[in-house]
Amino acid sequence: MELYLDTGNIEEIKSVIHTGQISGITTNPTLILKSHTSDLKTFKDILLEIISVMKEERDDFTLSAEVTHINSVEEIISQGRELASIDSHIIVKVPLTKEGLEAVKTLSYEGIRCNVTLCFSLTQAVLAAKAGAWCVSPFVGRIEDEGYSGINLLQQIKQTYDNYNFKTKILAASLRSVEHVHQAMLLGVDMATIPKSVFDKLYYNPLTDIGVKQFSKDWEEFENARK
Ligand code: E4P
């Protein structure tokens with residue numbers, strides 16, 4: 001399963017990219033705002049900076065950049081083309097609305113890869129696949145905020161995409177915990193995007209720490225006996 005970092009923060013990307021675990025970056029307008037309130041960089045500049053940082057580590061990454069001109073199909077198509085023309089690593093992120101999916105149909109036909117975002121139901125996910133989306137992003141955490149199981153939805157989308165042989169990938173999004181990532185892995189979804197706080201926790205297990213301490217202590221004892 002490919003892991004993506006869900007962020008607009010350049011320092012966060014720099015701090016994890018060398019691990020080799022991150023296949024790309026997903027952003028959204030909220031994440032961009034959060035990390036760039038005190039600078040005056042344009043959206044394009046931020047995207048170019050992320051791309052340049054990513055390129056230092058690997059060339060086979062993607063960067064999801066969301067359209068913000070969403071009042072009509074034409075607006076979405078026009079901004080989608082503009083974003084895609086910035087760099088070939090960019091995936092155009094389009095909200096799962098009627099206008100959004102109509103735009104995805106055109107953009108996908110033109111060979112522009114689209115990440116259909118803000119997916120909260122199976123029927124929405126099927127429409128996204130039928131529109132030709134490169135991937136769909138079901139928002140697991142936000143579904144759970146409403147008291148439903150986001151993991152069940154992931155499972156239903158996975159099964160339905162397999163049943164119909166849809167080629168659209170599933171990108172589990174809005175993941176809030178290691179348990180979410182664990183469940184997404186078990187389901188065999190293609191990709192998961194996570195904040196840095198969750199990425200850091202993926203490495204951790206208390207038994208590993210206890211084991212490392214014990215081995216170090218025993219090795220010291222072994223060496224000391226030979227001095
Ligand atoms: C996905 O592409 C979104 O950027 C993201 O996962 C949203 O997560 P949140 O619900 O924690 O804001």
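All residue numbers refer to positions in the sequence shown, counting from 1. Bear in mind that the values here come from a model prediction, so they are computed numbers and not experimental data. We count ligands from 1, going down the list as the structure has it; atoms in each ligand are counted the same way.
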Distance dump, ligand 1 polar atoms to protein, N/O, under 3.5 Å:
residue: ligand 1; atom: 2 (O); partner: Lys93; partner atom: NZ; Å: 2.6
residue: ligand 1; atom: 4 (O); partner: Asp6; partner atom: OD1; Å: 2.9
residue: ligand 1; atom: 4 (O); partner: Asp6; partner atom: OD2; Å: 3.4
residue: ligand 1; atom: 4 (O); partner: Asn28; partner atom: ND2; Å: 2.8
residue: ligand 1; atom: 4 (O); partner: Lys93; partner atom: NZ; Å: 3.3
residue: ligand 1; atom: 6 (O); partner: Asp6; partner atom: OD2; Å: 2.7
residue: ligand 1; atom: 6 (O); partner: Ser174; partner atom: N; Å: 2.7
residue: ligand 1; atom: 10 (O); partner: Arg142; partner atom: NE; Å: 2.7
residue: ligand 1; atom: 10 (O); partner: Ser174; partner atom: OG; Å: 2.7
residue: ligand 1; atom: 10 (O); partner: Arg176; partner atom: NH2; Å: 3.2
residue: ligand 1; atom: 11 (O); partner: Arg176; partner atom: NE; Å: 3.4
residue: ligand 1; atom: 12 (O); partner: Arg142; partner atom: NH2; Å: 2.9

Run the salt-bridge test on [X] and [Y] with the 4.0 Å N-O cut-off and return the result as yes or no.
X: Asp218; Y: Lys213; result: no
X: Lys158; Y: Asp162; result: yes
X: Lys196; Y: Asp200; result: yes

(message) Determine whether a donor-acceptor pair (N or O, by modelled atom type, separation under 3.5 Å) exists between the side chain of His89 and the backbone of Asp59.
(response) yes

(request) State, yes or no, whether a side-chain contact exists between Leu202 and Leu3 at a heavy-atom distance under 4.5 Å. (result) yes

(request) Considering only Ile, Leu, Val, Met, Phe, Trp and Tyr, and joining two whenever side-chain heavy atoms are under 4.5 Å apart, list the other residues clustered with Phe222. (result) Trp219

